[in-house]
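Here's the structure we're looking at; comments come further down.
Every chain is numbered from 1 and lettered A, B, ... according to where its sequence line falls, protein lines coming before strand lines.
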Amino acid sequence: MIVIILFGSLILNLAIGMPIAVAIGMSALVSFLYMGFPLAALAARMFAGVNSFTLLAIPFFMLAGSLMSEGGMSKRLIRFANAIVGILPGGLAHVQVLASMFFAALSGSAPATTAAIGSTLIPEMSKKGYPREFSAAVQSVAGTIGTIIPPSIPMVIFGVVGAQSIGKLFAAGFIPGIIYGLALMIIVYFISKKRKYVSTTEFSFKECWFSFKDSFWALLVPIIILGGIYSGIFTPTEAGAVACVYGLFAGVCIYKELNFNNLPIVFTTAAINTAMVLLIISAASVFSWILNIEGIAVLVGNWFISTSSGQTIFLLLVIVLLLFMGCFMETVACVLIITPILLPVAISLGIDPIHFGIVVIMTLSLGMSTPPVGENLYIAASIANVSFEKLVKNIWPFIIVAIIVILLIAFIPSISMFLPNYLYR
Amino acid sequence: MILVQSFLSNRQKNKKQKINFSVIQKKIEIGIPLICMILMTTIIFIQVVGRYLFHYSISWSEEVGRYLVIWITFGGSALAFRKGAHIGVNALVNILPTKIRYNVKLFSQLITIGFFVILGYYGTIHTVNQIIHLQLGPATRLPMAIPYSALPIGSALAIFYLINKIIRDIKNNNKESKKI
């Protein structure tokens, strides 16, 4: 009964267009009333849900992302990516993917990556004759790499909820992120060949070298972040603060694009984005608490154990379930609700929790660019000024490729586990 | 980027409706998240530098960090309501005919207000309890009422902006219906 009330009210709340955080919180509130729990506990739970030091990583990586894109790093990374892959057929679409991969190493959020790269490249591409819905589709899928290549906000949340090492998760996301990007570039190549999108840029070593030199300070960020984490100088959370200070320094002193006029806006934008994610976390932590206290989590977990005889079937079931959930729910909320239920099952089946985390995060990230609910789709559609429906029609080839990559990474654990095993021997 | 743009355009719009928002309100709504962001970055960066270079750790940085996260969550989401930045599922609502859509939107906004009324009410109770029992944070010795008060204050601001938005929506709707 409680299941029907909890999920029924959630679906109803979402359907009438309430903000996701409030929809989750309201369904928890209705369940509290039904179960006769004091509502004071709801407020206390929401408070406790965000009373965590590790969650500081979210404002930090949001702020670092917006400092670096406003500070001129995304522009330079796009130029560098253009110098490398601009000559391929469909050149600028390849640039979108590669620049998103570069920017993913600075930012921990997929919508931020989509906005940072897309807002420069999509208008540029429509000038060069690429259809807007094509460039928007490429960008909304390429943007999801933002959460796969470290740093990554969903990984931080998975680490907090599942009590796993965030450093290991970051390391594990690296190679899958690169494979994901390469796979997207392959499908972009074939589509561009078929539709005869030609490249207009010519390859020159000089441009390569100059753009590399110009974007050097941006390319240094992942080395500082990951190097600092793996050498033990700072924790992943503190790495966020270091990235912010570095981004501020580079934007003000080196690239000279940040000043007192745009800095307050950069900070406030990051604060708004952070607050949205954190309010969802706060509400979803109450939701997930109800699932646990009512034994629903154990029930679902047992069902998974009884139906899936082995790792393969379990992983397949999880991917299908998460693809479905990702279509309708926010990534962060999904990670919070799903992790405490499925992670114990995965561990009991002998799946490495870090590998499982990467599969969960890749699948849920894809949910950001699948209709009907996908933040990346909304952002890309509004940048490109195309209708949501037109964009959705163009996105299927990329989603199919993304699913193939996810299956590949799910069933070959050594792809994701190679780096963490190497770094944490 | 989009947010930045919408933020800018919002800013320009606000200049026109100075009657609705006083200068102090504007300062509070932007000030809370802004100060939180700057403070948390500074404190944690000093913590890293201090520990690595000078082998000196600040004992209270973690606790202050947590309080700032709480403040940014509830203080910042009020601001996000003002900017209309909170994401929701609009696909279904947008299919509906205009008149029903308007009512559904109004209904969902009213429920959202109700949620924040409840959150704010119990948040106030928690805060008052912390003051009565004089709970102090373990490392900072700051009263626990400081982080807890983010709940009532954030909720109050959110309610304020939501009501403001509803009033604006109703006015717009009246204008449109008069045109037809």
Side-chain angles (χ1 to χ4, degrees), chain A residues 13-23 25-26 29 39-40 42-44 46-47 50-53 55-56 59-60 63 66 69-70 115-116 119 233-234 237-238 240-242 244-245 264-276 278-279 282 328 330 372-373 375 378-379 382-383, chain B residues 1-4 7-8 30 33-34 36-38 40-41 43-45 47-48 51-52 62-63 65-70 72-81 83 85-93 104-105 107-109 111-112 114-116 118-119 121-123 125-126 147-148 150-151:
Chain A
N13 287 339
L14 285 174
I16 62 170
M18 274 164 69
I20 290 178
V22 182
M26 201 67 204
L29 196 150
L39 286 181
L42 179 92
M46 281 191 74
F47 179 88
V50 284
N51 188 6
S52 145
F53 178 71
L55 287 182
L56 264 174
F60 284 154
L63 181 61
S66 60
S69 69
E70 291 293 303
S119 56
I233 298 175
F234 39 69
T237 306
E238 291 167 345
V242 174
C244 286
V245 173
I265 299 172
V266 171
F267 273 88
T268 323
T269 314
I272 293 176
N273 288 340
T274 307
M276 271 158 49
L278 283 174
L279 194 66
S282 170
F328 296 97
E330 228 278 333
V373 185
E375 283 172 274
Y378 293 133
I379 293 173
S382 79
I383 295 174
Chain B
M1 285 296 271
I2 306 169
L3 269 175
V4 175
F7 182 67
L8 276 173
I30 296 186
L34 194 68
C36 286
M37 284 306 248
I38 294 171
M40 60 170 71
T41 315
I43 291 171
I44 305 302
F45 186 71
Q47 160 85 355
V48 174
R51 191 182 53 215
Y52 189 65
E62 199 212 292
E63 204 176 302
R66 280 192 281 123
Y67 295 169
L68 287 170
V69 169
I70 292 160
I72 226 169
T73 307
F74 297 102
S77 32
L79 179 61
F81 271 111
K83 307 286 177 218
H86 279 289
I87 32 164
V89 185
N90 291 319
L92 263 171
V93 181
V104 169
K105 273 188 179 165
F107 178 67
S108 82
Q109 276 167 342
I111 295 184
T112 310
F115 179 75
F116 278 102
I118 291 169
L119 190 65
Y121 174 71
Y122 288 101
I125 290 180
H126 282 301
Y148 269 99
L151 281 171

Which answer fits [X], side chain, backbone, both or neither, if we ask what part of it has an atom under 4.5 Å from a heavy atom of chain A?
{"X": "B:Val69", "answer": "both"}
{"X": "B:Ile43", "answer": "neither"}
{"X": "B:Phe115", "answer": "both"}

What is the distance from atom [atom1] of [X] to atom [atom2] of [Y], rounded to the nearest 0.5 Å?
{"X": "B:Ile72", "Y": "A:Leu55", "atom1": "CD1", "atom2": "CG", "result": "12.0 Å"}
{"X": "B:Gln47", "Y": "A:Phe234", "atom1": "CD", "atom2": "CZ", "result": "13.0 Å"}
{"X": "A:Met46", "Y": "B:Leu151", "atom1": "CE", "atom2": "CG", "result": "7.5 Å"}
{"X": "A:Met26", "Y": "B:Leu119", "atom1": "CE", "atom2": "CG", "result": "11.0 Å"}
{"X": "B:Glu62", "Y": "A:Thr237", "atom1": "CD", "atom2": "OG1", "result": "9.5 Å"}

## Note on the structure
For A:Phe47, the ring-ring contact (aromatic ring centres under 6.0 Å, His included) test, sequence neighbours excluded, returns B:Tyr148
I'd like to know which of [options] tops the heavy-atom pair count under 4.5 Å against chain B.
{"options": "A:Thr274, A:Leu14, A:Ile233", "result": "A:Ile233"}
{"options": "A:Ala40, A:Ala15, A:Pro19, A:Ser282", "result": "A:Ala40"}
{"options": "A:Cys244, A:Ala21, A:Ser52", "result": "A:Ser52"}

### Task
State, yes or no, whether a side-chain contact exists between B:Pro33 and A:Ile272 at a heavy-atom distance under 4.5 Å.
no
#### Entry: Side chains of B:Phe81 and A:Val22 in contact at under 4.5 Å (non-hydrogen atoms)
yes
### Query
How far apart are the C-alpha atoms of B:Tyr122 and A:Leu42, what are their side-chain angles, what is the distance that settles it, and do they pass the side chain to side chain contact (heavy atoms under 4.5 Å, CB included) test?
CA-CA 8 Å; B:Tyr122 288 101; A:Leu42 179 92; over 6 Å; no
### Message
Is A:Ala23 in contact with chain B via its backbone, its side chain, both, or neither, using a 4.5 Å heavy-atom distance?
### Response
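Interface part for A:Ala23: neither.
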### Task
Below 4.5 Å from any heavy atom of chain B, which atoms of A:Ile20 appear? Answer side chain, backbone, both or neither.
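Interface part for A:Ile20: both.
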### Query
For chain A, which of B:Thr41, B:Ile118, B:Leu68 has the most heavy-atom pairs under 4.5 Å?
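Of the options given, most contacts go to B:Thr41.
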#### Entry: Option that, when pairs with chain A are counted at under 4.5 Å, heavy atom only, ranks first among B:Glu63, B:Gln109, B:Arg51
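Looking at each option in turn, the highest pair count goes to B:Arg51.
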#### Entry: Nearest atoms (heavy-atom pairs only) where B:Met37 meets A:Pro59
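Taking every non-hydrogen atom into account, CE-O, 3.7 Å.
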### Task
Could you pull out all residues at least two apart from B:Ser77 that satisfy side chain to side chain contact (heavy atoms under 4.5 Å, CB included)?
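By the side chain to side chain contact (heavy atoms under 4.5 Å, CB included) rule, B:Ser77 matches A:Ala275, A:Leu279, B:His86.
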### Query
Are there more than 12 heavy atoms of other residues, nucleotides or ligands under 6.0 Å from atom OH of B:Tyr121?
no
### Task
Evaluate the criterion side chain to side chain contact (heavy atoms under 4.5 Å, CB included) for residue pair A:Phe60 and B:Ile44; output intermediate values, then yes/no.
CA-CA 10 Å; A:Phe60 284 154; B:Ile44 305 302; 3.6 Å; yes
### Under 3.5 Å donor-acceptor, B:Arg66 side chain and A:Leu56 backbone
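No; zero donor-acceptor contacts below 3.5 Å.
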